Amino acid sequence: MAEALISVLLEQLASIIQKQVEQEVTLIVGVEKEVAKLSHNFKAIQVVLEDAEERQVKELNVKYWLERLKDVSYEMDDVLDEWSTEILKQQIQKQEAGNAGSTSTTKKVCFCIPAPWFCFGRQVVLRHDIAVKIKELNERLALIASERQNYNFQYMKRGIEQIERQKSSSFVDKTFGRVDEKDVLVKKLLRESGQGGATCLVIPIIGMGGIGKTTLAQLVYNDEKVQAHFDNRIWVCVSDPFDEIKIAKAIIDGLKKENSPASNELQILLQFIHESVKGMKFLLVLDDVWNQDYLKWEQLKLLLQNGAVGSRILVTTRKEEVARMVVGASTDIVNLEMLSEENCWALFYHIALADRKKNESKGLEFIGKEIVKKCKGLPLAAKALGGLMSCKKTRKEWEDILNSKIWEVDGVEEQVFQPLLLSYYDLAPAIKRCLLYCVIFPKDYNIVKDELIELWMSQNYLNSVGNKEKEAVGEMYFDNLVMRSFFQEFEKDDLGNITGCKMHDVLHDFLQFLTKNECLVLEAESGNNKRIMEFDGYKKVRHLTLMFAPEGPLIPSSLCNCKNLQTLATFDSKITSFGQELISQVKCLRTLNLSHNFLKEVPNEVGELAHLRLPEAMGKLINLQHLHVLWCRSLKFLKGIARLTSLRTLDEVHIHGDDDVDNNKEALFELSDLRNMDQLRGSFYILFGTNLKDVRQAVKAHLVNKNCLVNLELSFFLDTWQPEPIQEETMNALQPPPNLESLSINIYRGTRLRPHWMTSLNKLRSLTLQYCMVVEFVPPLGRLESLEVLVIVKWDRLKKVGVEFLGIDGTIETQTSLSPLILFPSLKRLEFEFMCMWEEWEGMTGWSEEEDSQKTITIMPCLSSLRIIDCHVLKTLPNFLRNTPLKELVIEGGVMFDFLAPVAQGCRKGRGEWPKISHIPNIKLGKEFVQKDGVYQIDDDEMPSVASTSSSGYKFSMCRRPPFPNSSFCKMLTMYERVKKRLLERLPEGMGKLINLQHLHVMGCVDLKLPKGIARLKSLRMLDVVYIHGNDDVDNNKEALFELSDLRNMDQLRGSFCIWFGTDLKDVRQAEKGHLVNKNCLVSLKLSFFSDTWQPKPIQEETMNALQPPPNLESLFIEGYCGTTLRPHWMTSLNKLRSLTLQYCHFVECVPPLGRLESLEVLVIYKWPRVKKVGVEFLGIDGTIETQTSSSPLILFPNLKTLLFDSLYTWEEWEGMTGWSEEEDSQKTITIMPCLSSLRIIDCHVLKTLPNFLRNTPLKELVIEGGVMFDFLAPVAQGCRKGRGEWPKISHIPNIKLGKEFVQKDGVYQIDDDIFF
């Protein structure tokens, strides 16, 4: 660390003197002589530091000398930063004085950010203090420099290092060895017997740090047999301490259950887990367990015994005591031994030598094998050394590592630390410092790469190299650490770039070992702050991390002794505030991370932290470079933010408008206030909370000048589904910078999306266009030469994707260019999702690549993946697809609706679309593969007939038209196969002879046509689904097909039943003759309609009215219905109905009257895009109390517990009872939803109000979310905060969640509304 510190200090000294000269700013007269002395002393020390750093591990006197040097260096670093800040302040003063003197007619803006540093007297005192500090530190440094002679250090001056950006290789995901261990462990997991008859067997893996316990657990966790064996698999990183609440929440997340508790009460969480795992065969991995408290372990283990027999808990631990505690039989313990020398060498070779030329690697193999012996079978050591040796080019460099004195060090705490020390000492000083800083993160923390680089910048660890910006230097340092195996478990974006990583816990221990006195992690114990309060605040501590701080103010006054802190970060904490006392004593603070706490306000005194460069301070923080406000949707920026021209990161701005600004408030930040923020880089998100009143605001923002921006997202707020011409003008004026690589546009309501700048973004690699609800044509994108990923989501008015999409007019004759034309030259992934009216995808008229001898046009030559999701009326694919190198074609029915588009019917061998797609190795339609790895899964011409029989029934799983069993005694017949459900197309007429057949399972066989003879099977008790295909394709050689009326005699049917209408009925009397009403043993009914067009269908309305279900029905599910009203005469008479789901009713404008259904407990209404109002008819009354003349009280929705509205895109109003409230209704004439517990409103973007009757419901949970793919909230969400319009209706609800944030949790209000920066 000292070596890196001194390198930075020397650069700082030179930089400050240069600034004083260039800017003609002289703060401290005659300081040049002191600076020269400082530089001389630092350079004298610098040449011996490499030797000193290596010797400190064994020699205590050297260690103490280095610590004194680091103390002086840190203090000098603070003084120089203070000096540099004063220069910047004086520069701002000079600029503002110049601006004030100029004559201009600009709008006056009153800034609330005072600038007390411009007081002359204070400046003089401050400069004098800096001069005195520099002189004093120089004297101390001179003494330390002279003492270096006492230690006989070797002079080891580094050469000039060229740190090139490295491309990380595939070694990070490859495993060597552990085959036998994996096989043994898989057998243990799959066997059915448990410990002493216990339901859930516990299997511990024990071994020293870095030996590969987690890797082995990951191997078995992802094994195909293991995945198929368990109903659910859950992975939890435990680490130390054993936080029961955190572990319980992680298990609940892994269970993926709806309505999971929002509570922090352990017993509530444990009870939920106990109930959720009932009857479930699960695999739970608890990774890195240290806790030896038997009571804590037993409590968790007992509740998991509620799972099914065969469940498993896999525990990894370094401690033998933990293994003995959790396991019943010692035979179930897996003791992980060292990796064999052969496998250790293979791992090392793959990292260090695999990418070299054969003759080069051959010459280094002997030395490499000797180095591998020193790894002693530890995979982590082999990886670290492999990463180190991959940077070493010559034989001498390899011999130096082999013969290093580090191998003789025996004072380190872990065996694996020796190779890590070698790799660490080999790093450049600047990279060492960056690596050591990573110790501020907790173990197993998901480190976000960009955030890490920002933290390095905030500590002044990154300096520009050549013409590279600091961010680029940070990328190089990060890649260097990746290459040397200091990071693992990488997360990547769609373009394959690393976005996040983790650090091995042994490596974390190693960094703690190196930074004992400088970096400190404090943990609260058992939910209190005992350990925090006992902390004395050592002067040497520079970086402090607080873990599990309880709810309340930030740390007690005893912590304020840390006057030299440069970093203060919190994790898993619940801090509500921090006080002036703390701020006044941590003036050196550069990084303050208080994210994910319960902070309600930031004190004004935070502006005194002049060194601060990260969020939580504004105004006077002229050094501020990174401001993170993502998801702070209520946050209103003040005009003064425009002065922060040093900002390099501003992840999100909200354009709210000035309508709510009165005389007591400062003007709000406007889009044009971005004009001087040209240092912005990375990702930037603009959220328009209102439309611009003046489009010139977008022009003045000068986005085009922000050349370092890479990712841009533009989102418009939705309060109506009407077209907004102003958004079209705004989009045209918002010209992004030319270097942009990723662009996302959301909720755009212009009628056209063709801004003049879009086709000029030649570096654009990823483009997402979603919720462009009123745009009818896709823009011409085919000429974007770098575009790799294109995602188009939810364009409700798009009916055709024509050749304009390609950027041409569509005929080969019109292409007169002499040079070949390549359209979408780099596109790899193309996705269309939720295009509900899209019918046609046009290709090139009269053109095919085979006939284009001149290769005039090439289309999508790199396309690898095409996904078409929830596009229900698409009929054809374009002809040019046959010439693309597609590896994957997926056509699916969407998240909640599995009907496929008509085009899917043609995507089989011998059908219309097959010639265009037959070359694609992987074709998936719905949940099934038609072609996988190049092998066709359904052979039309020759299918083997495979029948497996038993005394109780028959299964036909592979045959296209199976034989029927020659037995009238057959009672059960199952027609399915897990992968090839669509295989069966027809059953024989002779099946009617199976008069004793009671169970016929054909679920999933959507192409299956049942013969007429099935009507004779009067003994059927279970027929899970019938597919109504119609008789249009029946010729003289085929028997008639089963019709709906053929159900009339099947009154023994019970349980669940589904009717799938593959076509509309020609005669509605078929529905009546089916006599559903007589099937009294049916409990659950599903009615699914398939539509091949996007038009209303009156016949479906008649069919629905005629399909009267039995009165005992408990569950009804209707989907794909294309009638314009849904009010069948029988619906309100289903008095035993407990669950009702109505989804994909695309043309219905009014919800049916359901309030009188006395048993209804769960109601789900999903995807009704034409509903604009839910009125009182929904309750089953006309809406005014005066009309209720009944003498007995009226209870509406008397048993309703769960109510969900999802994807009602045009729903604006939810009406209550006019002139009525339960408080004023003294006679209790009406009670509404007296049992309602959960209300969820998802993806309903224009809903403005909630009904007044909600205030009297016993709701426990209100959730308003933006949907699966889109997180904007409805306008009603803005009113769901304290003091706003909807709050009186919902304030009694203990858990209120808006988007990803809780407004109220367990009855405690979480958010303070008036937040202004």
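Everything quoted here is computed from the prediction, not taken from an experiment.
The salt bridge (Lys or Arg N to Asp or Glu O under 4.0 Å) search around Glu59 returns Arg55, not counting sequence neighbours. Applying the salt bridge (Lys or Arg N to Asp or Glu O under 4.0 Å) test to Glu147 and every residue at least two apart in sequence or in another chain returns Arg68. Listed by chain and residue number, nothing satisfies the side chain to side chain donor-acceptor pair (under 3.5 Å) test with Glu136 (two or more places apart in sequence, or in another chain). Residues passing the ring pair (Phe, Tyr, Trp, His ring centres under 6.0 Å) test with Phe486: none are found, sequence neighbours excluded. Checked against salt bridge (Lys or Arg N to Asp or Glu O under 4.0 Å), Arg148 has no partners two or more places apart in sequence or in another chain. Remark: Ser423 pairs with no residue by the side chain to side chain donor-acceptor pair (under 3.5 Å) rule, at least two apart or across chains. Scanning for side chain to side chain donor-acceptor pair (under 3.5 Å) contacts around Glu397 gives Thr394, with sequence neighbours left out. Residues that satisfy the side chain to side chain donor-acceptor pair (under 3.5 Å) test with Asp400, not counting sequence neighbours, are Lys396. Annotation: salt bridge (Lys or Arg N to Asp or Glu O under 4.0 Å) contacts of Asp505 (sequence neighbours excluded): Arg318.
Contact check for Ile453 versus Leu462: side-chain heavy atoms found under the 4.5 Å cut-off. Using a 4.5 Å cut-off on side-chain heavy atoms (C-beta onward), Leu455 and Phe441 make contact.
Taking the six-membered ring where tryptophan is involved, the planes of Phe510 and Tyr424 are perpendicular, since the angle between them exceeds 60° and thus also 30°. Note: Tyr477 and Trp456 have tilted aromatic rings, judged against thresholds of 30 and 60 degrees for the angle between ring planes.
Side-chain atoms of Tyr437 and Thr515 form no donor-acceptor pair, as typed in the model, at a separation below 3.5 Å.
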Practice prompt. Evaluate side-chain contact (heavy atoms from CB on, under 4.5 Å) for Leu427 paired with Arg433, printing each intermediate quantity in order.
Written response: CA-CA 9 Å; Leu427 293 172; Arg433 205 174 183 196; over 6 Å; no
Worksheet item: Can you list the steps and then say if Leu511 with Met503 is a side-chain contact (heavy atoms from CB on, under 4.5 Å)?
Response: CA-CA 11 Å; Leu511 296 184; Met503 181 175 282; 3.6 Å; yes
Fill in: Thr567/Gln459 under side-chain contact (heavy atoms from CB on, under 4.5 Å): CA gap, chis, key distance, verdict
CA-CA 8 Å; Thr567 300; Gln459 294 296 316; 2.9 Å; yes
Discussion item. Test side-chain contact (heavy atoms from CB on, under 4.5 Å) on Lys449 and Leu452; report intermediate values, then the result.
Written reply: CA-CA 5 Å; Lys449 183 185 77 171; Leu452 177 60; 5.7 Å; no
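With respect to Arg140 and Asp71, no salt bridge is recorded, no charged nitrogen being found less than 4.0 Å from a carboxylate O.
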